[in-house]
Amino acid sequence: MAFIQLEKEGHVAVLTIDRPKALNALNSEVLKELESVIDSIDAGETRCLIITGAGEKSFVAGADIGEMSTLTKVQGEAFGKTGNDVFRKIETLPIPVIAAVNGFALGGGNELAMSCDIRICSENAVFGQPETGLGITPGFGGTQRLARLVSPGMAKQLLYTAKNIKAPEALRIGLVNAVYPPEELMPAAKKLASQIADNAPIAVRACKKAVNEGLEKGMDDAIVLEEKLFGDCFETEDQIGGMKAFLNKEKHAPYQNK
Ligand code: CAA
């Protein structure tokens with residue numbers, strides 16, 4: 001892989017987008033590699049994935065403007081589909097995904113972060129959807145995920161003005177969960193990932209499915225989905241062992257994903 005690195009540490013994997021000459025901007029090649037790496041993740045072995053950008057300045061500075069500059073309408077739509085398909089794979093990956101936003105998260109970069117389950121960032125992070133300033137709309141899910149993550153009014157303000165916001169404002173509007181000094185970001189992401197990986201993987205994966213799929217349903221159907229996923233956890237070794245340990249006032253043994 002020329003642009004993507006994947007490192008595994010126990011049950012946690014760290015995916016780094018590494019295209020320094022363009023502040024990790026996403027061109028077709030980067031998207032292709034990203035899709036291939038996401039497809040390769042074994043959700044049994046890896047229990048939490050962290051996505052970050054190489055270097056100290058940028059998470060991802062957007063889709064590649066040079067590549068987009070000459071696209072036709074048909075090619076533009078196809079480029080949007082390419083990005084959307086990859087980001088949807090990240091969003092629906094069975095395991096939780098944390099975006100460790102270490103700098104610019106603009107356009108496709110913010111859209112990538114929003115396709116993750118949890119976003120944390122460094123103090124130097126900058127977020128925004130600059131697309132209307134370039135004559136386009138966001139094309140990798142930004143109009144949809146931003147309006148679902150922050151208020152519709154705030155999403156529209158960010159989309160219409162194309163103004164960037166800094167980390168404290170991203171925290172205030174709920175786009176990120178926490179802000180850290182740059183050197184503390186990856187340790188914090190790994191600590192969070194370990195806390196997730198320590199819990200029963202079947203239950204964690206069921207929580208992700210319940211929240212993501214439940215949000216697309218009405219409440220009556222959503223709670224039925226939860227009942228089904230709740231029921232699925234019973235009779236697993238991890239449920240039996242986890243509850244037995246609690247009742248015996250013991251610390252549970254490491255969960256086995258069974
Ligand atoms: N695409 C292509 N190249 C990019 C890029 C992008 N999105 N962002 C940065 N680069 C390149 C620059 O062209 C520059 O290359 P050269 O050294 O060859 O000139 C290099 O990365 C470094 O960038 P700057 O010199 O501009 O660095 P800076 O610190 O002065 O500014 C920045 C940093 C504010 C992030 C600025 O680079 C910038 O505004 N980038 C564009 C951000 C943007 O508009 N992103 C949205 C793209 S549209 C999109 O993503 C659509 C979608 O939804 C699918």
Side-chain angles (χ1 to χ4, degrees), residues 1-7 13-41 49-93 97-122 124-146 149 158-159 162 164-165 170 175-176 189:
M1 293 277 167
F3 303 115
I4 308 284
Q5 293 139 23
L6 188 72
E7 287 169 21
V14 179
L15 186 159
T16 305
I17 299 175
D18 187 1
R19 192 182 168 222
K21 72 171 188 155
L23 298 179
N24 306 325
L26 304 170
N27 63 13
S28 295
E29 284 172 75
V30 179
L31 287 170
K32 199 170 160 196
E33 287 192 10
L34 183 59
E35 179 164 36
S36 160
V37 171
I38 294 296
D39 284 344
S40 77
I41 287 170
L49 174 68
I50 299 169
I51 298 183
T52 194
E56 291 164 5
K57 190 171 169 183
S58 185
F59 174 68
V60 166
D64 192 289
I65 298 172
E67 182 173 345
M68 287 187 295
S69 63
T70 57
L71 298 184
T72 63
K73 285 180 193 291
V74 171
Q75 290 167 333
E77 189 174 335
F79 187 62
K81 178 166 168 45
T82 302
N84 271 333
D85 287 352
V86 183
F87 288 9
R88 188 72 177 138
K89 279 189 180 182
I90 293 169
E91 188 169 49
T92 58
L93 202 66
V97 185
I98 299 169
V101 180
N102 58 316
F104 293 115
L106 302 177
N110 192 40
E111 291 168 303
L112 172 62
M114 291 192 295
S115 71
C116 300
D117 295 276
I118 294 169
R119 283 151 297 286
I120 61 174
C121 75
S122 54
N124 63 321
V126 177
F127 299 82
Q129 297 293 154
E131 287 88 348
T132 56
L134 291 163
I136 55 173
T137 65
F140 295 168
T143 56
Q144 301 311 304
R145 293 195 181 93
L146 192 58
L149 269 173
L158 291 168
L159 295 166
N164 296 339
I165 56 169
L175 187 56
V176 297

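None of these values were measured; they are calculated from a predicted model.
- Among residue pairs with one or both ends in residues 14-38, none qualify as ring-ring contact (aromatic ring centres under 6.0 Å, His included); sequence neighbours excluded.
- Between Leu175 and Leu146, the closest side-chain pair of non-hydrogen atoms falls below 4.5 Å.
- When atom types are taken as modelled, the side chain of Asn27 and the backbone of Gly66 share no donor-acceptor pair closer than 3.5 angstrom.
- The shortest heavy-atom contact between Ala22 and Ala61 is O-CB, 4.3 Å.
- Here the shortest heavy-atom pairing between Gly107 and Pro130 reads N-CD, 3.3 Å.
- Scanning all heavy atoms of the two residues, the minimum distance from Ala13 to Leu6 falls at CB-CD1, 4.1 Å.
- In this structure Asp18 satisfies the side chain to side chain contact (heavy atoms under 4.5 Å, CB included) test together with Gln5, Pro20, Ala54, sequence neighbours excluded.
- The distance from the CD1 atom of Ile65 to the CG atom of Leu134 is 5.0 Å, given to the nearest 0.5 Å.
- In this structure, Asn24 and Ser58 approach most closely via the heavy-atom pair ND2-O, 3.0 Å.
- For the pair Leu15 and Ile4, the minimum side-chain heavy-atom distance is below 4.5 Å.
- With a 4.5 Å cut-off on side-chain heavy atoms, Ile38 and Leu49 count as touching.
- For Asp64, the side-chain hydrogen bond (donor to acceptor under 3.5 Å, both in side chains) partners two or more places apart in sequence, or in a different chain, are Arg19.
- Within the 4.5 Å cutoff, side-chain heavy atoms of Ile17 are placed close to those of Leu112.
- Atom CZ in Phe104 sits 8.0 Å away from atom CG in Asn164 (nearest 0.5 Å).
- Annotation: the span from Thr132 atom OG1 to Leu158 atom CG amounts to 10.0 Å, rounded to 0.5 Å.
- Summarising the geometry, atom CG belonging to Asn84 is positioned 11.0 Å from atom CZ belonging to Phe79; distances are rounded to the nearest 0.5 Å.
- Residue pairs satisfying the salt bridge (charged side-chain N to carboxylate O under 4.0 Å, His left out) criterion with at least one member in residues 127-138, sequence neighbours excluded, are absent.
- Here the CG atom belonging to Asn102 is positioned 10.5 Å from the CD1 atom belonging to Ile120, to the nearest 0.5 angstrom.
- Here the side chain of Gln144 pairs no donor or acceptor atom with the backbone of Gly141 at under 3.5 angstrom.
- Here Ala99 pairs with Phe59, Val101, Ala113, Cys116, Arg119 under the side chain to side chain contact (heavy atoms under 4.5 Å, CB included) rule; sequence neighbours left out.
- Not counting sequence neighbours, the partners of Ser28 by the side-chain hydrogen bond (donor to acceptor under 3.5 Å, both in side chains) test are Glu67.
- For the atom pair Ile90 CD1 and Met114 CE, the distance stands at 12.5 Å (nearest 0.5 Å).
- Sorted by first then second residue, the salt bridge (charged side-chain N to carboxylate O under 4.0 Å, His left out) pairs that include residues 22-32, not counting sequence neighbours, number zero.
- Every residue was checked against the side chain to side chain contact (heavy atoms under 4.5 Å, CB included) condition with Glu77, not counting sequence neighbours, and none meets it.
- Residue pairs that meet the salt bridge (charged side-chain N to carboxylate O under 4.0 Å, His left out) test with at least one member in residues 100-117, sequence neighbours left out, are Asp117-Lys208.
- Asn110 is linked by a side-chain hydrogen bond (donor to acceptor under 3.5 Å, both in side chains) to Gln129, counting only residues two or more places apart in sequence or in another chain.
- In terms of the side chain to side chain contact (heavy atoms under 4.5 Å, CB included) criterion, residue partners of Glu35 (sequence neighbours excluded) are, by chain and number, Asp39, Val86, Lys89.
- With sequence neighbours left out, the ring-ring contact (aromatic ring centres under 6.0 Å, His included) criterion links Phe87 to Phe140.
- Between Ser36 and Met1, the shortest heavy-atom distance links the atoms OG-CE, 3.3 Å.
- Of the possible polar contacts, one joining the Thr52 side chain to the Ala100 backbone as a donor-acceptor pair under 3.5 Å is found.
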